[in-house]
Amino acid sequence: MKKIYRAVAYERVSTTNEDQANSLVNQRALVDRFLKRHPEFLLVEEPYSEMQSGKSDIRPQYQKMIRRIRRGDIDFLLVKDLKRLCRSNEVSAQIKHLCQNYGFKLVLTSTDQIYDPNAEEYRLLYGFESLINEEMVHRQSMYGRIAHQQKVEAKRLNANDVRFGYRWDYTENKMVIVEEEAAYIRKIFEMFVFENLGVGEVSERMAEEYGLKGKKSKKLISSRTIHKWLSDPSYKGVFQLNKRGSILGVGVGAKSKRFDRPPEEWVSVENPELRIVPTELYDMAQRIIQERKELYLPTVEGFRQGKSQGLHKFSSVVFCGCCGYPMIHYYTDRKGESSAYRDSYSRHSRDPKKLQCENKDYRRIHESTLEKVALSAINTTLDNYETAFEITKKAIRKALLMRDEDYSEKDLIKKEIKKLEEEGEKIMESFIQASASLRDALAKRHEELADEVERLQKKLILLSTTEDDQTEYEARFDEIARQLDSYKHLDSIERSDVKAMIYKIVVNGDGSIDVHLKTNQIIKKECRKTAKKEAQKTSRKCSNFKVSDISFFDDVGAWNPGLTVECRPDMPTVPGEC
């Protein structure tokens, strides 16, 4: 009875190119051929296959294979040749030591040769081939740098410049647009610019409405990826080359290090044929990104916007009045039904004990309380819409009356045009009988008259276009009043209402709340601190917060109905008004 030899197989290519994929098929065919010729060899696992460079041992399938070999029951490792196994002198030495420690040999399926790196007849050859394989890695890296430099100097794109929305056409050797992916990119830009959504909201909407998810993870496209796409100038037809460089890493545990080059070393390649979004839309997105970046910087008042705008109703809107940091959203229960916001100041310190906000009593607020505060503040403003609208109507009517005074000016212009036209007719009558020298003067004067008539006619047209029937304006006033009446009072508030109406909500250390509206108003609410005994009856125990923190604003009756309105000092106001 023949002895059965237990074996594993390994196959590898360096890149994901189609021709490399064919190489994987060929390597698998060599393994199958060897096993058919030698039935005494038993493959205990499916071949370990991957598309990774062999310059180091940081390869998932390679490491998985090594762990399997270290169990000590493997007799042979099947591989096409030594180059497929590794291309590093250090990793080759690692393989040699593993062969010695665990008693297995190599089978080179390209020649059906049984190869023992520790045998006397192979030691010198194995070391020499390892050096050659590593040298080849260094030479390929050098050739790659030269090819990259030539590509940058020629401003030529290649397959390495492909990103979402594009693919490389190998038949015509050029980059082309993938229309299905390009439609997603256009929609992302439109949502971000025209609908004023954050990158997180864009990601969520794209998944819900269009099913856009990661090809491999099948999860939401991350906010980081959405931001990367929005900032990529290639979508307006401008590709940037030479943005990054790398330092080759060869050996056990070695990684090639990539680094960002300074902007002055970048090279732009304009290709209008590959434009996916209009230049104007792309530029608008960059301005919005820049404006939102400025939100992260501390203001004059000391408030700091969080790096993430968030998806919850009051995310990025609620701030602590003492430290200026935003209050972040969390759930107070395990079911994730009760929402609240807590101060994030201590999260920015490595040692929270050494860095704590002075606002120790009012470090959190429930979302239900914020809804009541926001509704009260917004409705207070909306209740006064009739007065504001009446002032607006009076101003418009006054402007219409002032415009009517222009009628006399139009009559004077008409008379002036008629006078100039009559003078022009007299010149034409005299032109026939005039001498040659006089004709030049008459022609010049007629030309001047024609220019003056043209100027006055343009002015007359401009005045005429401002005319409108008074009854039409009154009808418009009534229509606006009807539309405003539907917004006179809000019974509930959504995220869109918060973003449209509220600039920020500040929870102060004395328990008061300032609601800064985008109408240049500050609505102040006063509350009393809930007693600890009442808090113990109505709130759950929590080891992370004080009892006063948990009970803060739980009692709706704690609110003082008193209301004050102030002008925001950081926004322009009309003199005498707020």
Side chain to side chain donor-acceptor pair (under 3.5 Å) contacts touching residues 230-248 (sequence neighbours left out)
His148-Asn242, Arg163-Asp232, Arg163-Ser234, Asp232-Ser234, Asn242-Arg261, Arg244-Asp260
Could you tell me whether the side chain of Ser256 and the main chain of Gly249 form a donor-acceptor pair under 3.5 Å?
yes
Contact list for residues 173-186, test salt bridge (Lys or Arg N to Asp or Glu O under 4.0 Å), sequence neighbours left out:
Glu172-Lys174, Glu179-Arg186, Glu181-Lys215
Considering the options Val162, Asn271, Asn158, which one meets the side-chain contact (heavy atoms from CB on, under 4.5 Å) requirement together with Met175?
Val162
Closest non-hydrogen atom pair, Gly165 against Ile276:
O-CD1, 3.9 Å
I need the Arg70 CZ to Asn101 CG distance, nearest 0.5 Å.
9.0 Å
With sequence neighbours left out, the residues meeting ring pair (Phe, Tyr, Trp, His ring centres under 6.0 Å) with Phe164 are Trp229
What's the separation between atom OG in Ser338 and atom NE2 in His366, rounded to the nearest 0.5 Å?
5.5 Å
Counting only heavy atoms not in Phe128 (residues, nucleotides, ligands), do more than 12 fall under 6.0 Å from its CZ?
no
Shortest non-hydrogen contact from Cys320 to Val506?
C-CG1, 4.3 Å
Would you please name every residue forming a side-chain contact (heavy atoms from CB on, under 4.5 Å) with Ser203, sequence neighbours left out?
Leu220, Ile221, Ile226
For Phe34, which residues count as a ring pair (Phe, Tyr, Trp, His ring centres under 6.0 Å) partner, sequence neighbours excluded?
His38, Phe41
List the atom of Ala159, the atom of Tyr170, and the distance in Å for their closest heavy-atom pair.
CB-OH, 3.8 Å
Which heavy atom in Val199 sits nearest to a heavy atom in Ser223, and how many Å separate them?
CG2-CB, 3.7 Å
Would you mind listing every ring-ring contact (aromatic ring centres under 6.0 Å, His included) that reaches into residues 86-112, with sequence neighbours excluded?
none
Is there a side-chain contact (heavy atoms from CB on, under 4.5 Å) between Tyr115 and Leu125 once you walk through the steps?
CA-CA 11 Å; Tyr115 194 105; Leu125 181 63; 4.1 Å; yes
Using a cut-off of 6.0 Å, state whether more than 12 heavy atoms not belonging to Glu273 lie near its atom CD.
no
Carefully, step by step, assess Glu195 and Glu190 under the rule side-chain contact (heavy atoms from CB on, under 4.5 Å).
CA-CA 7 Å; Glu195 300 184 36; Glu190 290 170 0; 5.9 Å; no
Interatomic distance, CG@Leu370 vs CD1@Ile505, rounded to 0.5 Å, equals 5.0 Å
4.5 Å side-chain heavy-atom contact, Arg287 and Met284
yes
Crowding at CD, Glu270 (>12 non-hydrogen neighbours, <6.0 Å)
no
Compare all side-chain heavy atoms of Tyr62 with those of Gln52 and state whether any distance is below 4.5 angstrom.
no
Heavy-atom side-chain proximity of Ser56 to Val252 below 4.5 angstrom:
no
Pair Arg205, Tyr210: side-chain N/O donor-acceptor within cut-off below 3.5 Å
no
Looking at Ile493, is its backbone amide N or carbonyl O close enough to the side chain of Asp497 to form a donor-acceptor pair, meaning the two atoms are under 3.5 Å apart?
no
Do Met51 and Leu24 make a side-chain contact, defined as non-hydrogen atoms from C-beta onward lying under 4.5 Å apart?
yes
For residues 41-61, which residue pairs qualify under salt bridge (Lys or Arg N to Asp or Glu O under 4.0 Å), counting only residues two or more places apart or in two chains?
Glu45-Arg68
With sequence neighbours left out, write down each residue that passes ring pair (Phe, Tyr, Trp, His ring centres under 6.0 Å) with His329, or none if nothing qualifies.
His312, Tyr331, Tyr341
Do Thr109 and Arg33 come close enough that some side-chain heavy atom pair is under 4.5 Å?
no
Find out whether Ile289 and Gln286 are in side-chain contact, i.e. whether some heavy atom of one side chain is under 4.5 Å from a heavy atom of the other.
yes
Decide if atom CG of Leu124 counts as having more than 12 heavy atoms of other residues, nucleotides or ligands within a radius under 6.0 Å.
no
Side chain of Asp169, backbone of Asn173: donor and acceptor closer than 3.5 Å?
no
Tell me, which pairs form a salt bridge (Lys or Arg N to Asp or Glu O under 4.0 Å) where one or both residues lie in residues 311-329, sequence neighbours left out?
Lys313-Glu371
So which heavy atom on Ser49 is nearest to which on Arg28, and how close?
CB-NH2, 4.3 Å
Could you pull out every donor-acceptor pair under 3.5 Å between side chains of residues 74-89 and any protein atom, sequence neighbours left out?
unit_1: Asp75; atom_1: OD2; unit_2: Arg6; atom_2: N; d: 2.9
unit_1: Asp81; atom_1: OD1; unit_2: Lys83; atom_2: N; d: 3.1
unit_1: Asp81; atom_1: OD1; unit_2: Arg84; atom_2: N; d: 3.1
unit_1: Arg84; atom_1: NH1; unit_2: Arg12; atom_2: O; d: 2.9
unit_1: Ser88; atom_1: OG; unit_2: Glu90; atom_2: N; d: 3.3
unit_1: Ser88; atom_1: OG; unit_2: Val91; atom_2: N; d: 3.4

Heavy-atom pair with the smallest gap, counting every atom of Ala374 and Phe314
CB-CE2, 4.0 Å
State the CG-CG distance between Leu35 and Leu43, to the nearest 0.5 angstrom.
5.5 Å
Residue pairs fulfilling salt bridge (Lys or Arg N to Asp or Glu O under 4.0 Å) with at least one residue in residues 136-152, sequence neighbours excluded:
Glu135-Arg139, Lys151-Asp161
How long is the gap from CE on Met65 to CD on Gln61, to the nearest 0.5 Å?
9.5 Å
Using the side-chain contact (heavy atoms from CB on, under 4.5 Å) rule, take Thr332 and Arg364 through it: C-alpha gap first, then chi angles, then the decisive distance, then the call.
CA-CA 11 Å; Thr332 61; Arg364 87 166 194 171; 3.3 Å; yes
Above 12 or not: heavy atoms from other molecules or residues under 6.0 Å from CE of Met136?
no
Taking atom NZ of Lys228 and atom CZ of Arg224, what is their separation to the nearest 0.5 Å?
10.0 Å
Could you check if a side-chain atom of Phe192 sits within less than 4.5 angstrom of a side-chain atom of Leu281, using non-hydrogen atoms only?
no
Can Gln113 and Tyr122 be said to form a side-chain hydrogen bond (donor to acceptor under 3.5 Å, both in side chains), step by step?
CA-CA 12 Å; Gln113 178 185 7; Tyr122 292 118; 3.1 Å; yes
Test item: Asn160 and Trp168 side chains (from C-beta on) under 4.5 Å apart, heavy atoms
no
Residues Phe239, Tyr166; criterion ring pair (Phe, Tyr, Trp, His ring centres under 6.0 Å); working and verdict:
CA-CA 12 Å; Phe239 290 79; Tyr166 303 96; 5.5 Å; yes
Please walk me through it: do Ile188 and Met206 pass side-chain contact (heavy atoms from CB on, under 4.5 Å)?
CA-CA 8 Å; Ile188 288 172; Met206 291 299 296; 3.9 Å; yes
List in chain and number order the residues that pass side chain to side chain donor-acceptor pair (under 3.5 Å) with Ser492, two or more places apart in sequence or in another chain; answer none if no residue qualifies.
none
